Amino acid sequence: MSPVIAPRTAAAALAIAAVALTMSTCVADGANAGELSLEQVKRFDTNGDDFVDSDKATVYARHIYDQHNILADYDKNLNGQIDPDELVAINSDLSKIDREPVSAEVRLRAAEHVPIPLMAGPASIEAEVSEDVARAYLREKRVDLGIDTEKPGSDITSGAAITMANDLEGHENIVSIEAAAGYLFRKNIPYPESYNPGDLALTAVSFGPYIEANGDVNSAESRVAAGAMAQAEVLGGGVFDLQRYSVAPYYQTDFRGESSVYGAAFSWQPYILDWALGSIRSAGTLDVTWGLLFQGDYRFVADAGETGLKTDDDYAWLGAVLSTKIWPFPDTFESRVFAELEYSYFHDTLSGADASLFQGGVGLTLDEKGNATLNVEYTNGRDYKTETDKNTIKTALKVKF
(Lines give C-alpha, C1' and ligand atoms only; values in the text may rest on other atoms or scores of the structure.)
Protein backbone atom coordinates (compact mmCIF):
# COMPACT_ATOMS: atom_id res chain seq x y z
CA MET A 1 0.00 0.00 0.00
CA SER A 2 1.49 3.27 -1.06
CA PRO A 3 3.22 6.94 0.34
CA VAL A 4 2.11 8.59 4.76
CA ILE A 5 2.04 11.31 7.29
CA ALA A 6 2.74 10.04 10.79
CA PRO A 7 1.47 11.65 14.01
CA ARG A 8 3.85 13.49 16.37
CA THR A 9 5.59 11.39 18.94
CA ALA A 10 3.97 11.23 22.35
CA ALA A 11 7.07 12.65 24.03
CA ALA A 12 7.11 15.77 21.86
CA ALA A 13 3.39 16.30 22.32
CA LEU A 14 3.69 15.98 26.09
CA ALA A 15 6.60 18.39 26.19
CA ILE A 16 4.68 21.00 24.23
CA ALA A 17 1.56 20.49 26.34
CA ALA A 18 3.51 20.80 29.59
CA VAL A 19 5.20 24.04 28.58
CA ALA A 20 1.96 25.44 27.19
CA LEU A 21 0.06 24.63 30.38
CA THR A 22 2.75 26.13 32.61
CA MET A 23 2.97 29.34 30.61
CA SER A 24 -0.76 29.86 30.23
CA THR A 25 -1.24 29.32 33.96
CA CYS A 26 1.52 31.76 34.87
CA VAL A 27 0.23 34.50 32.59
CA ALA A 28 -3.43 33.99 33.42
CA ASP A 29 -2.86 34.02 37.18
CA GLY A 30 -0.32 36.82 37.08
CA ALA A 31 2.16 34.62 38.95
CA ASN A 32 5.72 34.49 37.67
CA ALA A 33 4.63 36.66 34.76
CA GLY A 34 8.22 37.71 34.31
CA GLU A 35 8.83 34.36 32.56
CA LEU A 36 7.08 35.88 29.54
CA SER A 37 8.23 39.36 28.63
CA LEU A 38 5.82 42.10 27.59
CA GLU A 39 7.32 42.06 24.11
CA GLN A 40 6.73 38.30 23.84
CA VAL A 41 3.17 38.66 25.11
CA LYS A 42 2.43 41.28 22.48
CA ARG A 43 4.02 39.27 19.69
CA PHE A 44 2.16 36.04 20.37
CA ASP A 45 -1.13 37.70 21.32
CA THR A 46 -2.27 37.42 17.72
CA ASN A 47 -5.91 38.31 18.37
CA GLY A 48 -5.12 41.30 20.63
CA ASP A 49 -7.10 40.19 23.68
CA ASP A 50 -4.14 40.79 26.03
CA PHE A 51 -4.25 37.18 27.14
CA VAL A 52 -1.90 34.30 26.38
CA ASP A 53 -4.06 31.18 26.46
CA SER A 54 -2.88 27.59 25.98
CA ASP A 55 -3.05 27.81 22.16
CA LYS A 56 -0.83 30.91 22.05
CA ALA A 57 1.48 29.41 24.65
CA THR A 58 1.81 26.28 22.50
CA VAL A 59 2.92 28.41 19.55
CA TYR A 60 5.41 30.18 21.81
CA ALA A 61 6.70 26.84 23.08
CA ARG A 62 7.28 25.61 19.55
CA HIS A 63 9.29 28.73 18.81
CA ILE A 64 11.53 28.42 21.86
CA TYR A 65 12.06 24.69 21.26
CA ASP A 66 13.07 25.42 17.66
CA GLN A 67 16.82 25.49 18.25
CA HIS A 68 17.57 26.27 14.61
CA ASN A 69 15.25 29.31 14.39
CA ILE A 70 13.25 28.00 11.43
CA LEU A 71 10.01 29.28 12.94
CA ALA A 72 11.59 32.60 13.90
CA ASP A 73 12.64 33.14 10.30
CA TYR A 74 9.66 31.74 8.40
CA ASP A 75 6.55 31.45 10.63
CA LYS A 76 5.22 34.84 9.58
CA ASN A 77 1.64 34.27 10.72
CA LEU A 78 2.72 32.92 14.12
CA ASN A 79 0.65 29.75 14.02
CA GLY A 80 3.54 27.57 15.20
CA GLN A 81 4.07 25.68 11.97
CA ILE A 82 5.38 26.01 8.43
CA ASP A 83 2.52 26.55 6.01
CA PRO A 84 2.77 25.92 2.25
CA ASP A 85 3.36 29.59 1.38
CA GLU A 86 6.06 29.83 4.05
CA LEU A 87 7.66 26.70 2.65
CA VAL A 88 7.95 28.43 -0.70
CA ALA A 89 10.15 31.03 1.03
CA ILE A 90 12.31 28.22 2.46
CA ASN A 91 12.68 26.72 -1.01
CA SER A 92 13.63 30.10 -2.40
CA ASP A 93 16.35 30.56 0.21
CA LEU A 94 17.63 27.02 -0.32
CA SER A 95 17.89 27.60 -4.06
CA LYS A 96 20.14 30.59 -3.43
CA ILE A 97 22.74 28.33 -1.81
CA ASP A 98 22.66 25.70 -4.56
CA ARG A 99 20.40 23.20 -2.85
CA GLU A 100 17.50 21.42 -4.43
CA PRO A 101 13.96 22.30 -3.26
CA VAL A 102 12.51 20.60 -0.23
CA SER A 103 11.20 17.13 -1.05
CA ALA A 104 7.58 16.29 -1.77
CA GLU A 105 7.44 14.57 1.61
CA VAL A 106 8.21 17.78 3.49
CA ARG A 107 5.84 19.79 1.30
CA LEU A 108 3.09 17.33 2.10
CA ARG A 109 3.85 17.63 5.81
CA ALA A 110 3.51 21.38 5.51
CA ALA A 111 0.27 21.07 3.56
CA GLU A 112 -1.04 18.81 6.30
CA HIS A 113 -0.01 21.39 8.94
CA VAL A 114 2.30 19.03 10.78
CA PRO A 115 4.79 21.19 12.71
CA ILE A 116 8.10 20.67 10.92
CA PRO A 117 10.28 22.10 13.74
CA LEU A 118 9.35 19.18 15.97
CA MET A 119 11.13 16.87 13.55
CA ALA A 120 13.54 19.00 11.55
CA GLY A 121 16.13 21.73 11.92
CA PRO A 122 18.25 23.03 9.03
CA ALA A 123 20.53 19.97 9.13
CA SER A 124 17.65 17.52 8.94
CA ILE A 125 15.75 19.64 6.45
CA GLU A 126 18.84 19.53 4.28
CA ALA A 127 18.69 15.73 4.64
CA GLU A 128 15.02 15.87 3.64
CA VAL A 129 16.05 17.60 0.42
CA SER A 130 16.02 14.45 -1.66
CA GLU A 131 19.23 13.41 -3.32
CA ASP A 132 19.57 11.13 -6.31
CA VAL A 133 19.58 7.57 -5.00
CA ALA A 134 20.56 4.15 -6.31
CA ARG A 135 19.72 1.29 -3.99
CA ALA A 136 18.26 -2.19 -3.64
CA TYR A 137 14.74 -2.86 -2.34
CA LEU A 138 13.05 -5.96 -0.96
CA ARG A 139 9.26 -5.88 -0.55
CA GLU A 140 6.21 -8.12 -0.84
CA LYS A 141 4.93 -6.62 -4.11
CA ARG A 142 6.45 -4.96 -7.18
CA VAL A 143 4.30 -1.84 -6.71
CA ASP A 144 6.00 -1.29 -3.34
CA LEU A 145 9.48 -1.02 -4.83
CA GLY A 146 11.27 2.27 -5.39
CA ILE A 147 9.43 5.57 -5.11
CA ASP A 148 6.33 3.77 -3.90
CA THR A 149 8.11 2.64 -0.72
CA GLU A 150 8.86 6.22 0.28
CA LYS A 151 5.53 7.07 1.82
CA PRO A 152 5.14 10.70 2.88
CA GLY A 153 6.32 10.51 6.47
CA SER A 154 6.43 6.77 6.99
CA ASP A 155 7.02 3.47 5.23
CA ILE A 156 4.10 1.08 5.83
CA THR A 157 4.77 -1.37 3.00
CA SER A 158 5.01 -5.10 3.71
CA GLY A 159 8.21 -7.08 3.45
CA ALA A 160 8.98 -10.12 1.35
CA ALA A 161 7.23 -13.12 2.89
CA ILE A 162 7.94 -16.80 3.32
CA THR A 163 4.69 -18.32 4.52
CA MET A 164 3.34 -21.57 5.90
CA ALA A 165 -0.29 -21.78 4.87
CA ASN A 166 -3.05 -24.25 5.63
CA ASP A 167 -5.41 -24.88 2.73
CA LEU A 168 -8.86 -24.95 4.38
CA GLU A 169 -10.36 -26.89 1.46
CA GLY A 170 -7.56 -29.30 0.58
CA HIS A 171 -6.50 -29.68 4.24
CA GLU A 172 -2.82 -29.51 3.41
CA ASN A 173 0.09 -27.33 4.43
CA ILE A 174 1.61 -25.13 1.74
CA VAL A 175 4.92 -23.27 1.73
CA SER A 176 4.73 -20.19 -0.46
CA ILE A 177 6.70 -17.09 -1.38
CA GLU A 178 5.45 -13.54 -1.90
CA ALA A 179 8.43 -11.34 -2.73
CA ALA A 180 9.72 -8.61 -5.02
CA ALA A 181 13.27 -7.29 -5.28
CA GLY A 182 14.71 -4.50 -7.38
CA TYR A 183 17.67 -2.20 -7.82
CA LEU A 184 16.37 1.22 -8.75
CA PHE A 185 17.90 4.55 -9.65
CA ARG A 186 15.98 7.62 -8.50
CA LYS A 187 16.39 11.07 -10.02
CA ASN A 188 14.84 14.02 -8.20
CA ILE A 189 13.57 16.92 -10.25
CA PRO A 190 13.59 20.43 -8.74
CA TYR A 191 10.29 22.17 -9.26
CA PRO A 192 10.14 25.68 -10.75
CA GLU A 193 10.96 28.69 -8.60
CA SER A 194 7.49 29.99 -9.44
CA TYR A 195 5.92 26.91 -7.83
CA ASN A 196 2.83 27.55 -5.72
CA PRO A 197 0.99 25.03 -3.51
CA GLY A 198 -1.45 23.04 -5.65
CA ASP A 199 0.54 23.40 -8.87
CA LEU A 200 1.27 20.27 -10.89
CA ALA A 201 4.95 19.37 -10.73
CA LEU A 202 7.01 16.31 -11.63
CA THR A 203 9.21 15.78 -8.56
CA ALA A 204 10.99 12.46 -9.15
CA VAL A 205 11.49 9.56 -11.56
CA SER A 206 13.06 6.16 -11.01
CA PHE A 207 13.94 3.12 -13.09
CA GLY A 208 15.70 -0.21 -12.79
CA PRO A 209 15.45 -4.02 -12.98
CA TYR A 210 13.24 -6.10 -10.72
CA ILE A 211 12.09 -9.66 -10.07
CA GLU A 212 8.84 -10.78 -8.42
CA ALA A 213 7.77 -14.24 -7.22
CA ASN A 214 4.33 -15.45 -6.08
CA GLY A 215 2.90 -18.84 -5.25
CA ASP A 216 3.38 -22.32 -3.85
CA VAL A 217 7.02 -23.41 -4.11
CA ASN A 218 5.93 -26.93 -5.16
CA SER A 219 3.32 -25.92 -7.70
CA ALA A 220 3.39 -25.09 -11.40
CA GLU A 221 0.58 -22.60 -10.67
CA SER A 222 3.11 -20.05 -9.54
CA ARG A 223 4.72 -16.96 -10.99
CA VAL A 224 8.21 -15.55 -11.40
CA ALA A 225 8.37 -12.29 -13.33
CA ALA A 226 11.54 -10.38 -14.21
CA GLY A 227 11.78 -7.10 -16.04
CA ALA A 228 12.37 -3.39 -15.77
CA MET A 229 10.22 -0.74 -14.16
CA ALA A 230 9.93 3.03 -14.45
CA GLN A 231 8.16 5.30 -11.99
CA ALA A 232 7.13 8.94 -11.78
CA GLU A 233 6.09 11.04 -8.79
CA VAL A 234 3.82 14.02 -9.47
CA LEU A 235 2.98 16.64 -6.87
CA GLY A 236 -0.46 18.24 -7.04
CA GLY A 237 -2.96 17.96 -9.86
CA GLY A 238 -6.58 18.83 -9.19
CA VAL A 239 -7.83 17.28 -5.96
CA PHE A 240 -4.67 15.19 -5.61
CA ASP A 241 -1.85 16.13 -3.26
CA LEU A 242 0.45 13.53 -4.81
CA GLN A 243 0.27 10.92 -7.57
CA ARG A 244 2.57 8.03 -8.34
CA TYR A 245 2.73 6.18 -11.65
CA SER A 246 4.66 3.10 -12.72
CA VAL A 247 5.05 0.92 -15.80
CA ALA A 248 6.85 -2.44 -15.86
CA PRO A 249 7.38 -4.70 -18.90
CA TYR A 250 8.31 -8.25 -17.87
CA TYR A 251 9.00 -11.86 -18.82
CA GLN A 252 7.20 -14.45 -16.71
CA THR A 253 7.59 -18.16 -16.01
CA ASP A 254 6.72 -20.44 -13.09
CA PHE A 255 8.82 -21.93 -10.28
CA ARG A 256 9.53 -24.96 -12.50
CA GLY A 257 10.55 -22.81 -15.47
CA GLU A 258 8.09 -24.49 -17.83
CA SER A 259 5.81 -21.63 -18.86
CA SER A 260 6.65 -18.57 -20.95
CA VAL A 261 4.69 -15.31 -20.71
CA TYR A 262 5.37 -11.76 -21.94
CA GLY A 263 3.60 -8.84 -20.36
CA ALA A 264 3.51 -5.28 -19.08
CA ALA A 265 1.93 -3.84 -15.95
CA PHE A 266 1.12 -0.29 -14.93
CA SER A 267 -0.20 1.35 -11.77
CA TRP A 268 -1.52 4.68 -10.51
CA GLN A 269 -1.77 5.62 -6.84
CA PRO A 270 -3.34 8.92 -5.69
CA TYR A 271 -2.94 10.68 -2.34
CA ILE A 272 -5.60 13.04 -0.97
CA LEU A 273 -4.69 14.20 2.52
CA ASP A 274 -8.05 15.80 3.31
CA TRP A 275 -9.61 12.37 2.79
CA ALA A 276 -6.85 10.63 4.79
CA LEU A 277 -5.99 8.75 1.60
CA GLY A 278 -2.36 7.77 2.00
CA SER A 279 -1.89 9.43 5.38
CA ILE A 280 -1.96 8.13 8.92
CA ARG A 281 -4.68 9.56 11.15
CA SER A 282 -5.27 9.24 14.86
CA ALA A 283 -8.81 8.26 15.80
CA GLY A 284 -8.98 7.98 19.56
CA THR A 285 -7.15 4.83 20.53
CA LEU A 286 -6.36 3.94 16.91
CA ASP A 287 -3.96 5.10 14.22
CA VAL A 288 -5.43 4.41 10.78
CA THR A 289 -4.30 4.67 7.17
CA TRP A 290 -5.91 3.53 3.92
CA GLY A 291 -4.87 3.40 0.32
CA LEU A 292 -6.24 2.97 -3.19
CA LEU A 293 -4.17 1.55 -6.04
CA PHE A 294 -5.32 1.20 -9.66
CA GLN A 295 -3.53 -1.40 -11.80
CA GLY A 296 -3.47 -2.85 -15.28
CA ASP A 297 -1.69 -6.01 -16.48
CA TYR A 298 -1.44 -7.25 -20.09
CA ARG A 299 -0.02 -10.73 -20.84
CA PHE A 300 0.61 -12.86 -23.89
CA VAL A 301 1.09 -16.56 -23.11
CA ALA A 302 3.64 -18.14 -25.47
CA ASP A 303 3.69 -21.43 -23.50
CA ALA A 304 1.32 -22.15 -20.64
CA GLY A 305 3.29 -25.11 -19.29
CA GLU A 306 1.29 -26.66 -16.43
CA THR A 307 -0.16 -23.36 -15.21
CA GLY A 308 -3.82 -22.46 -15.42
CA LEU A 309 -3.13 -20.13 -18.36
CA LYS A 310 -3.81 -20.93 -22.03
CA THR A 311 -1.11 -21.07 -24.71
CA ASP A 312 -1.33 -18.37 -27.42
CA ASP A 313 -3.90 -16.50 -25.37
CA ASP A 314 -3.97 -12.84 -24.30
CA TYR A 315 -5.08 -11.39 -20.97
CA ALA A 316 -5.77 -7.73 -20.19
CA TRP A 317 -6.55 -7.31 -16.50
CA LEU A 318 -7.80 -4.00 -15.08
CA GLY A 319 -8.62 -3.46 -11.44
CA ALA A 320 -8.03 -1.79 -8.11
CA VAL A 321 -6.75 -2.63 -4.66
CA LEU A 322 -8.34 -1.08 -1.55
CA SER A 323 -6.38 -1.50 1.67
CA THR A 324 -6.25 -0.27 5.25
CA LYS A 325 -3.88 -0.67 8.17
CA ILE A 326 -4.81 -0.06 11.81
CA TRP A 327 -2.59 0.28 14.89
CA PRO A 328 -4.60 -0.15 18.15
CA PHE A 329 -3.35 1.74 21.23
CA PRO A 330 -0.24 2.99 19.36
CA ASP A 331 1.28 4.64 22.44
CA THR A 332 0.83 1.57 24.62
CA PHE A 333 2.15 -0.89 22.02
CA GLU A 334 4.59 1.57 20.40
CA SER A 335 2.81 1.01 17.06
CA ARG A 336 4.11 -2.57 16.93
CA VAL A 337 0.72 -4.33 16.91
CA PHE A 338 -1.38 -3.85 13.80
CA ALA A 339 -4.22 -5.22 11.69
CA GLU A 340 -4.43 -5.16 7.89
CA LEU A 341 -7.31 -5.58 5.44
CA GLU A 342 -7.09 -5.66 1.66
CA TYR A 343 -9.63 -6.25 -1.08
CA SER A 344 -8.75 -6.43 -4.77
CA TYR A 345 -10.98 -6.75 -7.82
CA PHE A 346 -9.73 -7.33 -11.38
CA HIS A 347 -11.58 -7.81 -14.68
CA ASP A 348 -10.08 -9.36 -17.81
CA THR A 349 -11.32 -7.09 -20.58
CA LEU A 350 -10.63 -9.76 -23.22
CA SER A 351 -12.25 -12.89 -21.75
CA GLY A 352 -14.70 -11.22 -19.36
CA ALA A 353 -13.35 -13.17 -16.39
CA ASP A 354 -13.34 -11.65 -12.91
CA ALA A 355 -10.98 -12.18 -9.99
CA SER A 356 -11.58 -10.82 -6.49
CA LEU A 357 -9.40 -11.51 -3.47
CA PHE A 358 -9.79 -10.67 0.22
CA GLN A 359 -6.91 -10.68 2.68
CA GLY A 360 -7.02 -9.83 6.35
CA GLY A 361 -4.78 -10.42 9.32
CA VAL A 362 -2.88 -9.20 12.34
CA GLY A 363 0.82 -8.66 12.82
CA LEU A 364 3.59 -7.84 15.24
CA THR A 365 6.57 -5.66 14.34
CA LEU A 366 9.76 -7.34 15.57
CA ASP A 367 12.26 -4.49 15.33
CA GLU A 368 12.33 -0.77 15.99
CA LYS A 369 12.62 0.20 12.33
CA GLY A 370 9.69 -1.97 11.24
CA ASN A 371 11.74 -4.04 8.82
CA ALA A 372 10.62 -7.41 10.19
CA THR A 373 7.10 -8.52 11.11
CA LEU A 374 5.34 -11.73 12.11
CA ASN A 375 1.89 -12.02 10.52
CA VAL A 376 -1.14 -14.28 10.70
CA GLU A 377 -3.38 -13.81 7.65
CA TYR A 378 -6.56 -15.19 6.09
CA THR A 379 -6.92 -15.20 2.29
CA ASN A 380 -10.04 -16.02 0.28
CA GLY A 381 -10.79 -15.57 -3.41
CA ARG A 382 -9.08 -15.77 -6.77
CA ASP A 383 -5.58 -14.43 -7.41
CA TYR A 384 -5.44 -13.06 -10.96
CA LYS A 385 -1.62 -13.20 -11.00
CA THR A 386 -1.44 -16.98 -10.63
CA GLU A 387 -4.96 -17.84 -11.84
CA THR A 388 -5.56 -19.83 -8.64
CA ASP A 389 -8.35 -19.96 -6.06
CA LYS A 390 -7.32 -19.51 -2.44
CA ASN A 391 -8.90 -20.22 0.92
CA THR A 392 -6.03 -20.33 3.40
CA ILE A 393 -4.82 -19.29 6.81
CA LYS A 394 -1.11 -18.59 6.85
CA THR A 395 1.70 -17.58 9.17
CA ALA A 396 4.31 -15.35 7.56
CA LEU A 397 7.66 -13.90 8.47
CA LYS A 398 8.12 -10.71 6.44
CA VAL A 399 11.39 -8.88 5.95
CA LYS A 400 12.17 -5.73 3.96
CA PHE A 401 15.00 -3.31 3.29
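The shown structure was predicted, so the numbers you read here are calculated from the model rather than taken from an experiment.
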**Request:** Give the intermediate values and the outcome of side-chain contact (heavy atoms from CB on, under 4.5 Å) for residues F266 and L318.
**Result:** CA-CA 10 Å; F266 70 87; L318 292 176; 3.9 Å; yes

Salt bridge flag under 4.0 Å for residues [X] and [Y]:
X	Y	result
E140	K400	no
R186	E233	yes
K141	E342	yes

Looking only at heavy atoms, which two atoms of [X] and [Y] are closest? And how far apart?
X	Y	value
A396	T163	CB-CG2, 3.3 Å
L202	A232	CD1-CB, 4.0 Å
P328	F333	O-CD1, 3.4 Å
L138	A181	CD1-CB, 4.1 Å

Taking the side chain as every heavy atom from C-beta outward, state whether [X] and [Y] have any pair of such atoms under 4.5 Å apart.
X	Y	value
Q269	V143	no
N375	F338	yes
D144	Y137	no
K385	R299	yes
N371	F401	no
Y378	F358	yes
R142	S246	yes

What distance do [X] atom [atom1] and [Y] atom [atom2] have between them, rounded to the nearest 0.5 Å?
X	Y	atom1	atom2	result
S158	E178	OG	CD	11.0 Å
R336	L366	CZ	CG	8.0 Å
K390	Q359	NZ	CD	7.0 Å
L374	L397	CG	CG	6.5 Å
D216	F255	CG	CZ	8.0 Å
S267	F294	OG	CZ	11.5 Å

**Prompt:** Parallel, tilted or perpendicular: which fits the ring planes of Y384 and W317, with parallel below 30° and perpendicular above 60°?
**Reply:**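 Ring orientation of Y384 relative to W317: tilted.
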
Do other residues, nucleotides or ligands put more than 12 heavy atoms under 6.0 Å from [X] [atom1]?
X	atom1	value
Y262	OH	no
I272	CD1	yes
F185	CZ	yes

**Steps toward side-chain contact (heavy atoms from CB on, under 4.5 Å) verdict (Y345, D354)** = CA-CA 7 Å; Y345 172 79; D354 296 307; 2.6 Å; yes

Side-chain donor/acceptor of [X] to backbone N/O of [Y], under 3.5 Å:
X	Y	value
T386	S222	no
S351	A353	yes
R244	V234	no
S176	G215	no
D348	A316	yes
Q231	L145	yes
D367	A372	yes

Without hydrogens or angle criteria, can the side chains of [X] and [Y] be said to hold a donor-acceptor pair below 3.5 Å?
X	Y	result
D254	S259	yes
Y315	D297	no
Q243	Y245	yes

**Worked verdict on Y210 versus Y250 for side-chain contact (heavy atoms from CB on, under 4.5 Å)** = CA-CA 9 Å; Y210 80 95; Y250 61 84; 3.3 Å; yes

**Residue pair V321, F346: steps toward the side-chain contact (heavy atoms from CB on, under 4.5 Å) verdict** = CA-CA 9 Å; V321 181; F346 286 85; 4.2 Å; yes

**Message:** My understanding is that only one of D389, N391, L357 makes a side-chain contact (heavy atoms from CB on, under 4.5 Å) with N380; could you say which?
**Reply:**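 With N380 as partner, D389, N391, L357 yield a single side-chain contact (heavy atoms from CB on, under 4.5 Å), made by N391.
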
